[in-house]
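Numbers restart at 1 for each chain; the letters A, B, ... are given by sequence-line order, proteins then strands. The structure presented is a predicted model; accordingly, all values stated were derived computationally and were not measured.
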Amino acid sequence: MPIIIKMEKKFRPKQWEDRLIEFWEKNKYFQAQVNKDKEPFVIILPPPNANGSLHVGHAMYVYEDILIRYYKLKGREVLWLPGEDHAGFETWFVFEQELKKKGKSKLDFDREVLYQMVYDFVNEKRGIMRKQLKKLGFALDWSKSKFTLDQDIIHIVYLTFKKLFDQGLVYRGLRVVNYCVNCQTSFSDLEVEYEEEKSKLWTIRYPLADRSGYVLVATTRPETMIGDTAVAVNPNDKRYKKLIGKKVSLPLANREIPIVADLAVDPDFGTGAVKVTPAHSEVDWQIAQRHNLPLVQIIDFDGRANENALKYQGLTVFEFRQAVVADLRQQGFLVEEKDYQHRVGKCYKCKTTIEPLAKEQWFVKIKPLVDKVKPLLERNEVKIYPNRFKQQLINWLNKLYDWNISRQIVWGIRIPAYQCQDQSNLECKKHNGWFVELTTPKKCPYCDSEKFIQDEDTFDTWFSSGQWPYATLMSLASNGKNLLSLEQYKSLSFFKYFYPTTVMETGFDILSRWVSRMLMLGVFAVGETPFYNVLLHGLVRDQYGQKMSKSKGNVIDPLELVDKYGADALRAALIFNTKVGSDINMSEEKVVAMRNFANKVWNIGRFIYLGINTEKSSAKTSESVEAVIKDLLNEYKTVEKKFHQLFKRFNLTMAFDLLYNFIWHRFADYYLEKLKDAVWQGDEYALDSLKTVYLSLLRLLNPYMPFVTEAIALSLSNKSFYDEIGS
RNA sequence: GGUCGCUUAGCUCAAUUGGCAGAGCGCCUCGUUCACAUCGAGGAGGUUGAUGGUUCAAAUCCAUCAGCGACCACCA
């Protein structure tokens with residue numbers, strides 16, 4: 001059922017925006033289905049974190065909407081798939097803040113209750129976000145929306161994990177991880193932020209065990225010396241050559257530890273001798289591995305000294321440090337204390353200093369996955385726009401360490417790993433009793449023991465969102481009903497039709513965190529890339545290029561702008577005069593400028609509308625008018641051709657710029673003015689020519705400004721652009 | 001320390017393979033009878049950060065320098 005839109009004098013987007021949204025939805029223009037006659041064009045929406053409301057960064061989805069609408073008009077079978085991310089730790093953090101406001105703590109509830117509470121919280125946010133996305137006019141196929149915690153999505157995540165486990169690509173290991181003692185969880189390397197901090201560098205004297213001398217070590221963390229299991233020097237350092245293999249007596253701890261030689265030690269820094277604390281430093285851990293050194297953990301996961309810390313037990317790290325320094329000074333082991341500035345790892349959320357702690361965690365072996373991804377990039381089977389990010393991505397892939405995917409939080413997908421408590425069977429012992437099952441098992445698959453426990457941890461969010469392209473499509477292919485195997489999912493026609501997706505469009509800030517993981521997991525689980533093109537956008541900043549933040553008070557609320565100027569204006573403001581892959585400066589001024597353009601487009605429509613209602617004359621079109629029309633048609637053809645060429649290279653900005661200038665300064669200011677008199681005199685040929693070109697221009701503009709263009713088309717021609725597919 | 005990006009009009013930024021430097025906002029002059037003042041006509045404003053090189057031709061390619069920014073790594 002078509003909707004009536006009046007070509008009223010005043011340009012008022014509010015008159016029709018909500019009605020158009022409803023109209024598009026009712027007609028199911030953007031509900032995709034398998035259609036063998038058409039080539040699919042698929043974008044999976046990067047799922048927003050379902051823990052807040054829409055901010056201007058989300059408005060960048062407009063890039064995807066423009067592509068979707070453009071290819072819809074080109075006659076492709078388009079699928080733009082929405083969804084939300086449970087955003088494990090991110091959401092957990094927000095939720096804990098809410099709890100605190102209510103004077104509660106996570107300790108007041110048990111695991112199941114807590115999980116349900118967060119689930120309800122997230123569900124409410126999901127609803128709000130959907131409404132907001134619709135307001136911007138996004139042509140998402142809401143009939144297919146998915147959530148990262150849908151039962152079948154979790155099932156697919158489990159399938160991937162099991163496949164990794166079965167192939168030996170995921171392992172459980174005791175390693176030094178980045179641990180936040182405040183948030184009580186570990187992080188991957190990518191989630192640690194470093195900050196400059198003023199501190200001290202202490203030089204400590206370690207006497208040789210045979211009392212023939214001493215070694216000086218420099219450290220920023222004297223308290224960890226209680227957990228030292230060696231002193232390391234560079235094998236080529238002449239000063240220390242004679243000492244390698246000897247032992248020192250560790251002050252305060254009354255233990256003897258060896259002096260080892262390791263190339264990781266820089267002879268030029270400090271004293272050239274390093275204390276080695278494998279349980280509390282990643283570098284030391286690695287040295288310990290090479291020299292078979294024992295591990296002494298002295299700081300616990302609550303951030304306090306534990307029972308191995310002797311008399312210091314119970315102290316916080318800060319107190320521990322003070323006490324150790326005081327004792328060293330008093331007993332004459334402290335040689336020097338000087339000011340020192342260095343970078344300290346911080347929790348990216350709460351800014352607590354990251355404590356490197358040894359912990360058993362699940363790790364994904366990165367290298368075998370990376371090796372399958374790199375050729376795709378090198379052979380350009382996956383293209384990155386702008387291209388400069390390609391090398392950056394390859395560099396990262398080469399540098400990645402094994403990926404810690406365990407998180408010690410309740411909110412997330414629980415790791416389906418179980419440990420047999422009996423371990424009576426050899427096979428059992430081989431894996432330390434660990435086995436992976438898709439559903440809660442009844443017994444250990446190796447020894448049939450019924451005594452086993454499930455790992456308490458949940459997956460890193462990126463482990464599940466890294467599977468998003470294939471997980472969503474597999475889920476939809478099976479209608480979400482049957483839980484199948486990866487091979488079965490892959491053979492479903494829906495999946496085969498829509499996978500791999502066409503474009504992955506996202507912010508360049510999550511190139512390493514997300515895009516690289518999607519490539520690795522997609523290629524691993526499906527055997528094919530999850531997408532052919534990666535389109536990267538930058539950060540949205542304020543009009544002076546400043547980052548938006550609540551404290552600066554320069555945060556722009558996209559919905560407020562939509563309310564004030566219309567969704568078209570906001571959409572175009574994010575495109576106008578920008579460059580792909582660079583940060584985008586947003587200002588109300590720019591939105592106003594685009595609102596003015598929408599107004600211009602509207603008023604051209606009004607002119608034509610009034611022309612249609614003018615009494616027609618039988619007089620022949622004059623030669624001069626005919627000449628102008630000929631020029632107009634020619635110029636339009638050139639513009640149209642150029643427009644499509646720009647689109648092919650995803651150059652959405654230049655394509656828009658081209659339209660903006662042509663519509664305003666050529667079509668309206670020049671041609672329309674030249675033909676105006678003829679139209680008022682009832683020249684039908686002049687009017688029809690203007691109308692034809694105008695509607696063609698609206699069609700090109702539609703992806704950018706779907707509301708005003710569709711409103712006019714419905715009003716002038718009584719047809720939606722989405723009805724006449726395939727022109 | 002490594003990688004990458006940026007520096008163009010008063011401000012914020014564009015410029016597809018090297019080919020007459022553009023836009024938005026702001027500024028100046030003029031113009032409201034019939035699409036639009038959320039407008040039209042016209043105008044001022046640039047040695048494209050600096051220096052050198054390649055070329056018939058450089059904002060664009062190369063080298064060096066200066067300033068700004070991002071990401072990654074990290075020395076205890």
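Nearest nucleotide to the side chain of A:R595, out of B:A73, B:U38, B:A76: B:U38. For A:D266, the side-chain atoms get nearest to B:A76 when compared with the rest of B:A76, B:U38, B:G40. In the set B:A76, B:C13, B:U3, B:C13 carries the atom at the smallest distance from any side-chain atom of A:N585. The side chain of A:Y544 has B:U12 as its nearest neighbour among B:C71, B:A76, B:U12. Of the candidates B:C71, B:A76, B:C74, the closest approach to any side-chain atom of A:R343 belongs to B:C74.
Separating the CG atom of A:D542 from the P atom of B:G69 is a distance of 15 Å, rounded to the nearest angstrom. Rounded to an integer number of Å, the gap from A:Y206 OH to B:A76 C1' is 11 Å. Across the protein-nucleic acid pair, A:R321 atom CZ and B:A76 atom C1' stand 13 Å apart, rounded to whole Å. Atom P of nucleotide B:C71 and atom CD of A:E191 are separated by 15 Å, given to the nearest angstrom. A straight line from CG of A:L216 to P of B:C75 spans 21 Å, rounded to a whole angstrom. A:D237 places its CG atom 19 Å from the P atom of B:C75, with the value rounded to the nearest Å. Rounded to an integer number of Å, the gap from A:I663 CD1 to B:C36 P is 19 Å. For the pair A:L400 CG and B:C71 P, the interatomic distance rounds to 17 Å; values are reported in whole Å.
Taking the nucleotide of RNA chain B with the nearest heavy atom to each of A:I608 and A:Y670, the more 5' of the two is matched to A:I608.
Judged by the 6.0 Å and 45° rule, A:R649 forms no cation-pi pair with A:Y385.
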(request) Could you provide the dot-bracket string of RNA chain B, using ( ) for intrastrand pairs, [ ] for crossing pairs and | for bases paired to another strand, with Watson-Crick or G-U pairs below 3.5 Å? (result) (((((((..((((.....[..)))).(((((.......))))).....(((((..]....))))))))))))....
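Taking the charged nitrogens against the carboxylate oxygens, A:K637 and A:E640 have no contact shorter than 4.0 Å, which rules out a salt bridge. The pair A:E378-A:K390 fails the salt-bridge criterion, with no side-chain N (NZ, NE, NH1 or NH2) lying under 4.0 Å from an Asp/Glu carboxylate O. Using a cutoff of 4.0 Å between basic side-chain nitrogens and carboxylate oxygens, A:D339 and A:K198 are not scored as salt-bridged. Using a 4.0 Å cut-off between charged side-chain N and carboxylate O, A:K552 and A:D542 make no salt bridge. In summary, A:R12 and A:E8 engage in a salt bridge, as defined by a charged side-chain N under 4.0 Å from a carboxylate O. Looking at A:K590 and A:E588, no side-chain N of the basic residue comes within less than 4.0 Å of a carboxylate O on the acidic one, giving no salt bridge. Using a 4.0 Å cut-off between charged nitrogen and carboxylate oxygen, A:R221 and A:E355 count as a salt-bridge pair. A:R513 and A:E191 are not joined by a salt bridge, as no carboxylate oxygen comes within less than 4.0 angstrom of a charged side-chain nitrogen. Of the charged side-chain nitrogens involved, at least one lies within less than 4.0 Å of a carboxylate oxygen, so that A:E196 and A:R343 count as a salt-bridged pair.
The shortest distance between the side-chain N/O atoms of A:H342 and the OP1/OP2 oxygens of B:C74 is not below 4.0 Å. At the phosphate of B:C72, neither OP1 nor OP2 sits under 4.0 Å from any side-chain N or O atom of A:Y194. Between B:C36 and A:K9, a contact under 4.0 Å exists linking OP1 or OP2 to a side-chain N or O.
Put simply, the side chain of A:K600 and the base of B:C36 share a donor and an acceptor less than 3.5 Å apart.
Here salt bridge (charged side-chain N to carboxylate O under 4.0 Å, His left out) pairs that include residues 592-613 of chain A, with residues two or more places apart or in two chains, number zero.
Atoms CZ and OG1, from A:F656 and A:T578 in turn, are 10.0 Å apart once rounded to the nearest 0.5 Å.
In the region residues 273-291 of chain A, proximity to RNA chain B at under 4.0 angstrom, judged on heavy atoms, holds for A:V274, A:V283. Within residues 382-390 of chain A, the residues that have a heavy atom under 4.0 Å from RNA chain B are, in order of number, A:R388.
Rounded to a whole angstrom, the distance from the P atom of B:A14 to that of B:A57 is 29 Å.
Residue A:K367 places its NZ atom among 12 or fewer non-hydrogen atoms of other residues, nucleotides or ligands, all under 6.0 Å distant. For A:Y348, the OH atom is densely surrounded, since the number of other residues' heavy atoms within 6.0 Å is greater than 12.
Remark: A:K674 pairs with A:V628, A:Y670 by the side chain to side chain contact (heavy atoms under 4.5 Å, CB included) rule, at least two apart or across chains.
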(request) Going 5' to 3' through nucleotides 15-25 of chain B, assign each nucleotide B (protein heavy atom under 4.0 Å from a base atom), S (under 4.0 Å only from sugar-phosphate atoms) or - (no protein heavy atom that close). (result) SB-----BBSS
